[in-house]
Amino acid sequence: MKDPNQPDKDALIFNIQRFCLHDGPGIRTTLFFKGCPLHCAWCQNPESIDPKPEMAFIAERCRGCFQCADACEADAIIRSEEKRIDHSRCTACGRCAEVCPSGGLTLVGRRWTVDTLVAEVLKDRDFFVDSGGGITLSGGEPMLQGRFLEVFLPAVKEHGIHVNLETCGCYQWEQIEPLLPFLDLIYFDLKHMDPTTHRHHTGVDNGRILDNFARLTRGAGTLVPRMPIVPGINDTEANVADTARFLLHHGHDTIHGLPYHGLGADKLRWINSPLRPLNLTSMDAEACRPVGRMFAKRGINAVIYD
Ligand code: SF4
Ligand code: SF4
C-alpha cells in the first residue's frame, strides 16, 4: 500500500510523443500521463481518462487467430468481431498483446520510474538545445500524478530542460504549489465558463479550475490560456464573451484555440469507455475564424492552431 506522505516512485504514462511542435516552444517531447478528473465529451485522448492500465482492441487489425485467448489466464478474451476483451475479468497483464501478431491488442499505460523517464527524455536533449524546446507534461491530467512529479521535475531540471505543463486546472492548490519552481510554462485549458454546462460536458463544475487559474496568474511564471473549440458547445457568443471578460479581468489578452476534431471518437470503440461519440463535424483553423473574430471584438487575440 502506498504511503501518502512519500512521493510516488513511478508514473503511469500511455504515450511518449517526440518532435511535437504545438505543445510549447521549439521541438518537444510530450509525456502523456494517464488519468484525468474530467471526462470531457469531446476528449481527443479518451484512453487517458481511466487512471489504470487498460487493454485496447482495434478490430480492424485483428486476424482472428485467437493466440490471445491461449495466452490469457483470466479467461477474458471474447470471440466476437467487435469485442475482444471482457473488461470485468481483464487484469491488464498485457500477455495477450505480447502474442498478438497484428497489433490488434495494445496495453494502454506503462509504468516509468524517475530514472527511466529522465533517461528517455534525455535522448532528445540535442533537439531541445537546438530548437529552444523541452518536455511537455500532458495527458490526461499530469497533476493527478503530482507526487511523482515532485521527484521527476527536480531531476529533469538538473539537466536544464524546459518544462511545460498542459493542465485542465482541476486539482487542489497544495498539489501544484511545490511544483511551480520547476515549471517554465503552463498551458491552462478553459473549457466553458458556465458551471452547469461545464459539469454537464466534463463531469465537474469549473469553480476550482477558475480559482486555480486566478492564483496561477498571480503566482506562476508564464500562463497561456487555451480553449478546445467545440462546435455548438463552447463556441457561442455568450461563452466567448464570458471567457474574454474573465481573461481581461485576470490580465490576459491572448488565448490559444484548439479546433475540435473527431479522432477521439474512433478510440472510444477501442477501449471500455463510458463516453459516447458526439458526432460533430471536425473543425480547422478556418472553421474557427468566427470564434477568433468574437474574441478580437472583445480585445482578446485568439491564436488558433492548425
Ligand atoms: S491475437 Fe490479435 S489478431 Fe489474433 S485474435 Fe487476438 S486480437 Fe486478433
Ligand atoms: S491483458 Fe491479460 S487478463 Fe487482460 S485480456 Fe489480455 S491476457 Fe487476459
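Read the numbers this way: they start at 1 and go in the same order the structure lists the ligands and their atoms.
The neighbour count for F127 CZ, taken as heavy atoms of other residues, nucleotides or ligands under 6.0 Å away, does not exceed 12.
For ligand 2, the atoms lying closer than 4.0 Å to a non-hydrogen atom of T91 are 3 (S), 4 (Fe). Close approach of ligand 1 to L105 is summarised as follows: ligand atoms under 4.0 Å from at least one heavy atom of the residue are 7 (S). Listed by atom number, the atoms of ligand 2 under 4.0 Å from M55 heavy atoms are 1 (S). Listed by number with element, the atoms of ligand 1 under 4.0 Å from a non-hydrogen atom of F66 are 4 (Fe), 5 (S). Every atom of ligand 2 is numbered from 1 in the order shown, and the set under 4.0 Å from a heavy atom of C72 is 3 (S), 5 (S), 7 (S), 8 (Fe). Of all the atoms in ligand 2, the ones that sit under 4.0 Å from a non-hydrogen atom of A74 are 3 (S). If you number the atoms of ligand 1 from 1 as listed, the ones under 4.0 Å from a heavy atom of R63 come out as 3 (S), 8 (Fe).
With 3.5 Å as the limit, one finds no donor-acceptor pair spanning the side chains of T29 and Q17.
Connection of M294 to M283 is established within a shared hydrophobic cluster, with ILVMFWY side chains joined at heavy-atom distances below 4.5 Å, either directly or through further cluster members.
Regarding atom 2 (Fe) of ligand 1, its nearest protein heavy-atom neighbour is C100 SG, 2.3 Å. Ranking the protein heavy atoms by distance from atom 4 (Fe) of ligand 2 puts C90 SG, 2.4 Å first. The shortest contact between atom 6 (Fe) of ligand 1 and any protein heavy atom is with C68 SG, 2.3 Å. Atom 8 (Fe) of ligand 1 has C62 SG, 2.3 Å as its closest protein atom, hydrogens excluded (heavy atom only).
Note on ligand 1: G104 sits outside its first shell, no heavy atom being nearer than 4.0 Å.
Within the model, atoms NE2 of H250 and CZ of R218 stand 7.5 Å from one another, a figure rounded to the nearest 0.5 Å. Separation of atoms CG (L144) and SG (C170) is listed at 8.5 Å; rounding is to 0.5 Å.
Residue Q145 is tested with L137, I13, L12 for a side-chain contact (heavy atoms from CB on, under 4.5 Å); the sole match is L12.
With a 4.0 Å heavy-atom cut-off, ligand 2 is reached by the backbone of C93 and by its side chain too. When heavy-atom distances to ligand 2 are checked against a 4.0 Å cut-off, A92 comes that close only through its backbone atoms N, CA, C and O.
Of the possible donor and acceptor atoms, none in the side chain of T136 sits under 3.5 Å from a partner among the backbone N and O of T30.
For atom 2 (Fe) of ligand 2, the set of nearby N, O or S atoms under 2.8 Å includes none belonging to C96.
Side-chain contact check for C43 versus I49: some heavy-atom pair is nearer than 4.5 Å.
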| query | Checking side-chain hydrogen bond (donor to acceptor under 3.5 Å, both in side chains) for the pair R28/H162: CA distance, chi angles, key distance, verdict? | reply | CA-CA 9 Å; R28 311 195 68 82; H162 182 278; 2.9 Å; yes
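Remark: aromatic rings of F188 and H256 are distant, center separation not under 6.0 Å.
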